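Quick one: this structure, given as structure tokens, is what I'll be asking you about.
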Amino acid sequence: MILRAVFAGLLCLGVTVALGWAVLERPAPVENLPERVAAAMPESGVEHPITAVLLNFRSYDTLLEIAVLLLAVVVALALREAQPDRPEQMGLDNPLLRAVMAWLLPLMLVVAGFLLWAGAHQPGGAFQAGSVLAAAGVLLRLAGVTADWLDNAVLVRAGLALGLLTFLGIGMLVMLPGVPFLTYPAAHAGTLILVIELTLTLSIGLTLLSLFRLNPPYADDPDDARAQEAPKP
Amino acid sequence: MPWLDLLLGFTLCVTAGLALIARDMFRAVIMFIVFGLLMAVAWVRLQAPDIALAEAAIGAGLTGVLLLDTLGYLRRPFGSRVDNPEDRS
Amino acid sequence: MSGAISGYLVFAWSGVLLFGLGLFGFIAHRHIVRRLLAFNIMGSGVFLVLVGLAQDGRGVDPVPHAMVITGIVVAVASTALALVVFRRWYRASGRTDLPEDT
Amino acid sequence: MTEQRHAVDRASRVGVYLLRLGILLAVWWIVSGSHSDWWFGLPLAMVAAALSLWLAPPARFLLRPHQIPQFAGFFLWQSLLAGWDVAKRTLNPALPLQPEILRLPMALPPGAPTWWLMLTITLLPGTLSVRLNQQHVLEVHCLDARLDVAGSVRDTEAHLARLFGVQLGPTEAGPRQ
Amino acid sequence: MIGLWSLPLLFALPLALGILSLLAAPAWRPRLIFIGLPLMAAASLDTLAGLVTAGPQVYRLGDWIAPLGINLVVDGLAVGMILMTTLVTGLCALYARVYLRNHPTSTSFFWPLLWFLWTGMNGIWLAEDIFNLYVGLEVMGLAAVGMVALRATPPALAAAMRYLLAALLGSLAYLLGVALLYSAYGTLSMAGLQEAATSNATTQVALALIIVGLLLKTALFPLHAWLPPAHGGALTPVSALLSALVIKASFYILLRMWLMLGPEVTPDFTAGLLGVLGAGAVFYGGWMAWRQHHLKQLVAYSTVAQVGYLFLFFPLVTNTGPEAARLAWDGTLMMLFAHALAKAALFLSAGNLILAVGSPQISHLIGISRFRPMSLFSFGLAGVSLMGLPPSGGFTGKWLLLHSALLSGQWWWLIVLFLGGLLSAAYIFKVFRMSFREGPQIDRSVTPPLTLDVVALLLAASAILIGLTAHVPLHWLRLGMAFGAV
Amino acid sequence: MNGLLETVALLLLVTLVLGLIRIWRGPTIADRMLAAQLFGTTGVGLLLVLAELQQIAALRDVALVLALLAVMAVLAFVARVWRRHPEDGTEEDPPA
Amino acid sequence: MILIELLQALLLLAGVGFFLVGTLGILRFPDVYTRVHALTKADNLGLGLIVFGLLLGAGSVPVALKLLLVWGLALIASATAGYLVARAARRRGVRPWRARNWENG
């Protein structure tokens, strides 16, 4: 154990020193990518450079990234089916908490929508909006609110797949005039990106939520659900 | 000198170090959540509000909850010897 | 390297240190959740290096920003997947580390 | 008969929905700033309002708008006092604390007014709501039992009663320790 | 422009099929291969036709020019890997369709994972952008981890966990290298980097990180610990896919990185060090394989050993004559292809043998030669290629490497080639000796479905065939920029 | 003005560092969680100040998101971590 | 104008002061319940003062309202969090700390 720590320490020291050396000796780059991005912005269909990079210039990366996210859920689904679980453990069913959630969650929805909408011209975008959406779902579960439609496997899977399928479909459809994959026509780029982002937001939100849900939960603590607000003897 | 950035960078390293050396799992996870929060601030200092948004929602939010949930799953007697400092003596 | 250290470079250096620390944790620890923490810290270090170095002396660059967002998504997906597998493993074996790691 | 009631219910639901929609649209306007797009905000707020209706069906209690400024003033002043109180205690080397848990029967009707009370007193000087039991008795942790905690809670209750336009129910006088 | 339609299909189609098979009912998931496989084969062949008629091409995704957008590169190496992936994955899919029938329905998630894996691999073969390669690696890596975990038994979960940790560490090291390269050169495109890169500390550290990260994912000798449990413990078709293709992906990236930057910017000893590690892998892997008692563990350790041969490439192309370098290139790729086919065949036939005797222990194979001659024949045929006996692909590869070593004066690699062959022979014959021994009568040998045997035989036969007709693929593989120096 | 804002930001960061002590010392896990909650509030304040300092309006959105999610960690803690042992009903955190 | 800036400076510094006090409170106070007091009160006042300080410099109405919204959300969040922790502590039977000279126990 100590040997292992010493070894790890030496290795990390070496790596850190090497990295420091690399940082110090770094040459100044010739290529100026930010300038290229700025020059291409008018054709991108959005006004915010990061969204342009994520969903237009380098949208192929984003496509694969969403696939990674979906993959994690697929594995979680597979493992869940391999070892069926006891009923899912919900959260804390507290009336005050519920009341707070009833106000907080619509606000979160509006903020998620705002982040999605904002992505076109200021910081924000599908991923951020999706995470807020997922957080809303997680809060809902932690507050013990059940949503029946989340138990509908077909619906959930359709929701999971929606974003990626739309993205892929649009990427293929735009090829019809004979241009490469994912080449949005400049005139419609903004609309197409918005459609992609909208579906991606829903799918990312659902994906992150599923990753939380599909962890094998433990069975309900009997003492938790029933004796919520019972007076203590 | 950018004192704010220096202090932030230093705190980032300290929280990361503490998260890694903590013997109590829960302490480590809380340190990690704090680390995520500080990362969001660091992204702000790097003029990257997009990443700060993502980090605030993910690093400080969802990852933390996932880890806490896992800790609950492990159901270990987490640290904390006493609840009341009065009883400590 | 002349003149004052820019704020960006400070974070690049922090990133280097974070990567080193995370690597240490990743190798030295056996508890899987700790190793995942270390992985995430390493990842954050890499992202800081990516953005901090690219912007040092050149100003804001949107490309590494987009790359980091992609990287964060990938890191979250990996962490979540690892936790899923870890919980199954823990439930099946009652162990929090991997078998040959003693 | 039942149909009639149903219709009334529906009307009130629509009213509540529109009210919440209005609030959420205002939030959209606040959040999205100067160049907000209503074609995006309106459908979004409609969905959010529907969600809110699903989470919290129309309640019997409605805030009275004209009472809000007065309550806000009360709240701001009291939170200033609360912060000052905690600061005094923290910075005093002797740490003058005499915590106690009190049980106070609630005079406000169950539901939204009580939730507001529980959240509010947590932010007000020296009090922290801990637990509400089925007899509608609130356990309050107070920082210093020498203060008139029950009195300030009653005061807050009165303010909330005015805010919601409800009658305070009967309670036994004073804390039941 | 070649394959305007077929090229994006190479990664878009498996992605779409992956999503569809996630949506489909479990019973329908395997059936999607009857749509997918012909289409994938057609797309791959169309790409090959395009390459042969029009030469190497660059495909600009989104119609953006390289450092701004992402380019795909279609050269001989990429198309070769695509074709091999289509062949091996297609056959493994046919195998899995039958094989998984006797497994719980939860294993039907193999199908979405398979398609995602295919997406990731084709993405990697075509990528020209170093960050895109990272994302491709993650798609492939997570899909592979998921496949290992599919069995959901404790050993499978532990193996998957270990594999995941190794893969994550490897990706991070790679990504840090990418970050350093970007900070120094401001571009992510390989062509741009090749043009701009100079020998300096940043490039060297970046390349070192990238190499170490990829070595971890390739499971080269001291970093191989995750491989045997993952490959040996997974479901049989999964083992075959992982050993045949997945570890090749990180090697492939290494190869491209080396050709792009390696010799110019790294210190001279790097290539030699990689060669020595490869030699270590050949010896250690072979020795460990010989010591195994589980059949699939034996095959998995054989992968550790065989990966070592590929790393002889680095010393043989660095600072040697053009002829030696060309031979090393041909030889390494021949070894790579032969190993992919032979290892898939070996795993599948090992799986058939295990199905037949109902036990993974090698000692339980006693007398199996009389019951399952066909499985054993495939096993042997694949073994011939692994040992490097003529007329197999393994032989051709080793022969080319041998010539290259002689030509460049690095005769000591001959010892590796020779002893490695002997060790391979030792562990292959260990299995054979057991199966031909007459022990206590076994009469309850299960007969696996014919498809399983046929698929394994096809793969094994291809491993031999590729040796006989080596000049055709080798000619195609030389097309393109990848090895322009020669 | 900028000097003032920078000082304020720096002081807020110092406050955060002080809060680390409580997280480290505990002694109960609830105390650590409370300190983390404090970090959230301070972080919101810090982000708002930085939004003014760096003149990036979007930082207020970051603060907004942080404030919206502030309750999540505590809720997860209370609902999933700080609970009784289901099997034997003993407390995980026995009062000495 | 100068008056407004002065007031702004005052509010911001007071806000930071309350944050410091809240943190000190969390460090000094003896048990979970009292620490919740420190958290909910001093901190939210601190955030409130900072918000009002920034409010004076806010250029537009939506920005000002957004600042207030953030504060309101933080208020709700910490009140809820404080209540949840206190309630959980009570349900687990954590006894409140008592001063030594408090004889009414």
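Since the model is a prediction, treat every value here as computed from it, not as a measurement. So that the names make sense, note that chain A is the first sequence line, chain B the second, and so on, each numbered from 1.
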Q. Highest number of heavy-atom pairs under 4.5 Å with chain A: which of Pro104(E), Pro112(E), Ala143(E), Ala208(E)?
A. Ala143(E)
Q. Side chain to side chain contact (heavy atoms under 4.5 Å, CB included) between Ile70(E) and Phe57(A): does it pass, once the steps are laid out?
A. CA-CA 7 Å; Ile70(E) 298 174; Phe57(A) 305 145; over 6 Å; no
Q: Count the heavy atoms of every other residue, nucleotide or ligand shown that sit under 6.0 Å from CG of Leu173(A), and state whether that count exceeds 12.
A: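 Correct, the count exceeds 12.
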Q: Indicate yes or no: at least one non-hydrogen side-chain atom of Val68(A) is less than 4.5 angstrom from one of Glu138(E).
A: yes
Q: Would you check if Pro180(A) and Leu61(E) make a side-chain contact, meaning some heavy-atom pair closer than 4.5 Å?
A: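 Side-chain contact under 4.5 Å: no.
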Q.
Are there residues of residues 14-21 of chain A whose heavy atoms fall under 4.5 Å of chain E's heavy atoms? If so, which?
A. Ala18(A), Leu19(A), Trp21(A)
Q: Apply side chain to side chain contact (heavy atoms under 4.5 Å, CB included) to Glu65(A) and Val139(E), showing your working.
A: CA-CA 8 Å; Glu65(A) 161 213 321; Val139(E) 173; over 6 Å; no
Q. Side chains of Arg58(A) and Leu68(E): does their closest heavy-atom pair fall under 4.5 Å?
A. no
**Q.** Given Thr203(E), Thr202(E), Val205(E), the one that forms side chain to side chain contact (heavy atoms under 4.5 Å, CB included) with Arg26(A)
**A.** Thr202(E)
Could you list the donor-acceptor pairs under 3.5 angstrom formed by side chains in residues 154-163 of chain A, with sequence neighbours left out?
none

Q.
Please enumerate all residues that pass side-chain contact (heavy atoms from CB on, under 4.5 Å) together with Thr187(E), with sequence neighbours excluded.
A.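 Scan of Thr187(E) (side-chain contact (heavy atoms from CB on, under 4.5 Å), adjacent residues dropped) gives Glu31(A), Pro67(E), Tyr185(E), Ser189(E), Leu193(E).
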Q | Minimum heavy-atom distance Gly186(E)-Pro29(A), with the two atoms named | A | N-CB, 3.6 Å
Q.
One pair to check against side chain to side chain contact (heavy atoms under 4.5 Å, CB included): Phe181(A) and Leu7(E). What are the steps and the verdict?
A. CA-CA 9 Å; Phe181(A) 188 60; Leu7(E) 192 67; over 6 Å; no
Q: Under 4.5 Å, counting heavy-atom pairs only, tell me which of Val53(A), Val74(A), Leu168(A), Leu71(A) racks up the most with chain E.
A: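 That would be Leu71(A).
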**Q.** Partner chain A: residue of Val135(E), Asn132(E), Leu142(E) with the largest heavy-atom pair count (under 4.5 Å)
**A.** Asn132(E)
Q | Closest non-hydrogen atom pair between Ala22(A) and Leu180(E), with its separation | A |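 Heavy-atom minimum between the residues: CB-CD1, 4.1 Å.
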Q: Go through the atoms of Thr119(E) and report whether side chain, backbone, both or neither lie under 4.5 Å from a heavy atom of chain A.
A: side chain
Q. In terms of heavy-atom proximity below 4.5 Å to chain E, should Ala67(A) be classed as side chain, backbone, both, or neither?
A. both
Q. Which of parallel (below 30°), tilted (30 to 60°) and perpendicular (above 60°) describes Phe11(E) and Tyr60(A)?
A. tilted
Q | Option that, when pairs with chain E are counted at under 4.5 Å, heavy atom only, ranks first among Val30(A), Asn56(A), Leu182(A), Asn32(A) | A |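 Heavy-atom pairs under 4.5 Å are most numerous for Asn56(A).
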Q: Apply the side chain to side chain contact (heavy atoms under 4.5 Å, CB included) test between Val75(A) and each candidate in Val145(E), Leu113(E), Leu164(E); give the one that qualifies.
A: Leu113(E)
With a 3.5 Å cut-off and sequence neighbours excluded, list the donor-acceptor pairs that the side chains of residues 12-30 of chain E form with protein atoms.
| from | atom 1 | to | atom 2 | distance (Å) |
| --- | --- | --- | --- | --- |
| Ser21(E) | OG | Leu17(E) | O | 3.1 |
| Ser21(E) | OG | Gly18(E) | O | 3.0 |
| Arg29(E) | NE | Ser21(E) | O | 2.8 |
| Arg29(E) | NE | Ala24(E) | O | 3.3 |
| Arg29(E) | NH1 | Ser108(E) | OG | 2.7 |
| Arg29(E) | NH2 | Ala24(E) | O | 3.3 |

Q: For each of Val174(A), Leu70(A), Val37(A), Leu77(A), tally heavy-atom pairs with chain E at distances under 4.5 Å, and name the one with the top tally.
A: Leu77(A)
Q. Looking at Leu176(E), Asp129(E), Thr107(E), Thr105(E), which one has more heavy-atom pairs under 4.5 Å with chain A than the rest?
A.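 Sorted descending by pairs with chain A, the first entry is Asp129(E).
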